[in-house]
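Shown next, in structure tokens, is the structure this report addresses.
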There are 4 protein chains.
Amino acid sequence: MEATQSRWHRRKDARPAEILEAALTVFAEKGFAAARMEDISRRAGVTKGTIYLYFDSKEALFKALIRQSISPAIAGAKEQVNNFRGPAGDLLRLVLTRIGHFIATSDRVVLPKIIVAEAGNFPELARFYRNEIIAQGLGLLTGLIARGVTSGEFRAVDPGHVARISIAPLLLAAFWRTSFAQFDDEPYDHAGMIETHIDLLLAGLSAGG
Amino acid sequence: MEATQSRWHRRKDARPAEILEAALTVFAEKGFAAARMEDISRRAGVTKGTIYLYFDSKEALFKALIRQSISPAIAGAKEQVNNFRGPAGDLLRLVLTRIGHFIATSDRVVLPKIIVAEAGNFPELARFYRNEIIAQGLGLLTGLIARGVTSGEFRAVDPGHVARISIAPLLLAAFWRTSFAQFDDEPYDHAGMIETHIDLLLAGLSAGG
Amino acid sequence: MEATQSRWHRRKDARPAEILEAALTVFAEKGFAAARMEDISRRAGVTKGTIYLYFDSKEALFKALIRQSISPAIAGAKEQVNNFRGPAGDLLRLVLTRIGHFIATSDRVVLPKIIVAEAGNFPELARFYRNEIIAQGLGLLTGLIARGVTSGEFRAVDPGHVARISIAPLLLAAFWRTSFAQFDDEPYDHAGMIETHIDLLLAGLSAGG
Amino acid sequence: MEATQSRWHRRKDARPAEILEAALTVFAEKGFAAARMEDISRRAGVTKGTIYLYFDSKEALFKALIRQSISPAIAGAKEQVNNFRGPAGDLLRLVLTRIGHFIATSDRVVLPKIIVAEAGNFPELARFYRNEIIAQGLGLLTGLIARGVTSGEFRAVDPGHVARISIAPLLLAAFWRTSFAQFDDEPYDHAGMIETHIDLLLAGLSAGG
DNA sequence: TATGAATGAGTCTTCATTCAT
DNA sequence: TATGAATGAAGACTCATTCAT
């Protein structure tokens, strides 16, 4: 009796997260318009009506998904960057490796694809994502690289450009995993690619280059 | 254009291309599901029914769009690569600059976004794109880099990985243009970023690195 | 030159009949609503627009078809009945055999099916058919049978009822030919059935019965 | 009926039958193509969408209608025939009277018309109807008549032919009721016609004829 | 809190009809 | 007279949303 009740209660509290989890998967696979509320609800183990107890509409569900799915990773990286004492090159390697691991393993990897795909239909969401998430992430990397340039560890490059260059192969891996990986005969070695990328990047950045 | 006074244009030959052009824009902006045939037809300067004189269905229109929008750029690059005599580094710079120019100026730049967004709903199209277009493009770059490695001009890197690393910032620029550029206060200098990318990449690849 | 012109002219005169002929077939097969003007035009060897040179609309074409497709057979039968001198039984046999032959061979046999099927959508046409064609046909038979009753050759039956009974198996054959005959493993012997029908009917009608 | 105050009836069990009933009426009046789903739904007291909760498509609804509308009458007649002990003539009179009553009173009487009208558009349904329903019905009558012939009660006729002759006036009455009866100034006496038919038929069949 | 039958606005698609050629 | 590209009204069907239970 007690157990059942407590499970019931836990359930009630967990519902929104379960629904968002299901929504992430379905939106990633179908896109916003083609995703059916029925699909999401079934995947979340509830019925259609239940979703509306927690979210006002399909659009509200989508927006909640985007808004809640972001900060943690960024926050962690930010902390790592701020606390690090040592060469900028080592830190860059650390950060990129960490993001690469995230992209290789997390199911949040589908978010960039969702955002890009729906930027036209949800411009305010795209703007939010661009101005909050992307700006933060790029800002972090840009600062890191600027630090290396200032210290003379890196050549005199544009830190903003290099921030994007640094992240590009990782994002490519994310898109690949969410769009084309299903057709790979054998899984592509994203980790190896990212390692190569970091090596090349740091070699290219090194002052003596 | 001159016959605007009448509704009866009679443009059988030009119609399909006009419709595909309109479809490219609308599908890129809305995605497949959210695009309305009426929007496409209006943009093409015809009415709904006219599209169906040339394409069997919305899906057929979409597939035709993907299938016809591809080869030319690849073909041009392939020719360039095969005809080039000189250092692999120079050729790599040439090819990437060329693709960068294409991405900065062509309206075909939206295609990758469309494909990625609809990979879940049109897997056979994603497979086709992956196996034909992407495989060709990556193959071209991979061969080019392998040539540089073999000749000793480049360090001993995995050419497949480096091919992806080379193209990643360009694709990132394409996604940015089609998704977030509308929110830039001032246009981002993609060309400068790409130049920086090429410089870093070649520096990183150079045997002495 | 001359031949071509004359053929052209003959063509022009023949168009309406050709179109009606095609319409008869298509309407019979598909029904009014499911019949496409394009199908009719193609079968008639012209294009869609041409039909509208001769008929105002699909509905006008349909009505013209019904109205022109009727009288000849009835007129012939009427003449036969009026000119016949001899026992009513012989005449009845003659008339039913003649109609049976018509049903077995003419492509006009599809008309009853068309009328019955579209009675709900074209009530004024159904009324016209009922009041003109059917009334005439039944009137002819009714008179014939009444003659036999009056003369004492037939038993005292209701001539109106017997008129319908006489014609029923022939109509059944018509419906069968236009709806189910395509599924017969071997063609059903409608002629034999009609002969049996006439024999039974006359035996039943004969005064001594 | 009592819960008319609300739109939310919740009648899952009754719905399919209600919809089929409405479909029978509308399809009979308009034919398949001209029948609008909205008409059917309105007549069933629901909205368009509700039909699709129970039937996949207009075509599926139509087919379900045909397939479920059939056996009962046949089954009843079959039982009657098999259980009867007595002269074949009496049994024939009984069966035809029974079918005549059905035709005069049941709203299922429209089915033959629907089938005949749509045989061209739904050949597999026409084949099904022909091979199952009609074959059974004719088989029943054929057997009955053959029994009478064998016993010497009837003349040596072809039982298959006579089965069709027996049923023809009844079908004619069915077609009349569903197509032309609306234009009758006074209702035609189908029952009297059928009685006359039976009398004539049995008189014609009687061995001494 | 959860259900799922019912709703109805929104879209794709068809095809009778028009009219410049 | 004949063509057939183009039109646009009409109708099948989907699915986000509601609400009685």
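Residue numbers start from 1 in every chain, and the chains themselves are labelled A, B, ... in the order their sequence lines are given, proteins ahead of strands.
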Distance check needed: [N] [atom2] versus [X] [atom1], whole Å only.
X       : N      : atom1 : atom2 : answer
D:Glu18 : E:dA6  : CD    : P     : 9 Å
D:Phe55 : F:dA12 : CZ    : P     : 16 Å
B:Arg42 : E:dT11 : CZ    : C1'   : 13 Å
A:Lys58 : F:dT18 : NZ    : P     : 14 Å
A:Met37 : E:dT3  : CE    : C1'   : 15 Å
C:Glu38 : F:dT7  : CD    : P     : 17 Å
B:Asp56 : E:dT14 : CG    : C1'   : 13 Å

Where the side chain of C:Ser57 is concerned, which of F:dA12, E:dT13, E:dT17 is the nearest nucleotide?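 The nucleotide sitting nearest to the side chain is E:dT17.
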If the condition is side chain to side chain contact (heavy atoms under 4.5 Å, CB included), which residues does A:Thr50 pass it with, not counting sequence neighbours?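 A:Thr50: side chain to side chain contact (heavy atoms under 4.5 Å, CB included) contacts with A:Arg15, A:Val46, A:Thr47, A:Leu53, A:Tyr54.
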Please figure out whether A:Glu59 or B:Ile51 has its closest DNA chain F nucleotide nearer the 5' end. B:Ile51
Check whether any side-chain heavy atom of [X] sits under 4.5 Å from a side-chain heavy atom of [Y], and report yes or no.
X        : Y        : result
C:Leu61  : C:Leu20  : yes
D:Arg67  : D:Leu125 : yes
A:Ile133 : A:Leu111 : no

So, does A:Tyr52 get its side chain near the phosphate of F:dC19, meaning an N or O under 4.0 Å from OP1 or OP2? no
Could you tell me whether the phosphate oxygens of F:dA6, OP1 or OP2, come under 4.0 Å of any side-chain nitrogen or oxygen in B:Thr47? no
Just call it for B:Tyr54: base, sugar-phosphate, or nothing, with non-hydrogen atoms closer than 4.0 Å on any strand. sugar-phosphate
Minimum heavy-atom separation for C:Gly120 and C:Pro123, please, with both atom names.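 Shortest heavy-atom contact: O-CD, 3.8 Å.
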Which heavy atom in D:Ala119 sits nearest to a heavy atom in C:Ser179, and how many Å separate them? CB-O, 3.7 Å
For residues 116-126 of chain C, which residues have at least one heavy atom under 4.0 Å from DNA chain E? none
What residues from residues 19-36 of chain C pass a heavy-atom cutoff of under 4.0 Å to DNA chain E? C:Ala35, C:Arg36
Is a side-chain donor or acceptor of A:Lys58 paired with a backbone partner of A:Ala35 at a separation under 3.5 angstrom?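 Yes.
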Would you kindly compare B:Gly49 and D:Leu53 by the position of their nearest DNA chain E nucleotide and give the one closer to the 5′ end?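 Residue closer to the 5' terminus by nearest nucleotide: D:Leu53.
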Between F:dT17 and A:Lys48, counting only base atoms on the nucleotide and side-chain atoms on the residue, is there a donor-acceptor pair under 3.5 Å?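 Side chain to base: pair present.
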Return a table of donor-acceptor pairs under 3.5 angstrom between the side chains of residues 24-33 of chain B and protein atoms on other chains or two or more places apart.
{"unit_1": "B:Thr25", "atom_1": "OG1", "unit_2": "B:Glu21", "atom_2": "O", "d": "3.3"}

What's the separation between atom CD1 in C:Ile51 and atom CD1 in C:Ile40, rounded to the nearest 0.5 Å?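 Result: 5.5 Å between the selected atoms.
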If you round to the nearest 0.5 Å, how far is CZ of D:Phe180 from CZ of C:Arg127?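 Taking CZ in C:Arg127 and CZ in D:Phe180, the distance rounds to 12.0 Å.
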Pairs involving residues 109-125 of chain B, ordered by first then second residue, that meet side-chain hydrogen bond (donor to acceptor under 3.5 Å, both in side chains) (sequence neighbours left out):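 Those involving residues 109-125 of chain B are B:Lys63-B:Glu124, B:Glu118-B:Asn121.
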B:Phe122 pairs by ring pair (Phe, Tyr, Trp, His ring centres under 6.0 Å) with which of B:Phe62, B:Tyr129, B:Phe128? B:Phe62
Sort by first number and list every stem of DNA chain E: at least 3 consecutive Watson-Crick or G-U wobble pairs, both distances under 3.5 Å. E:2-21 with F:2-21
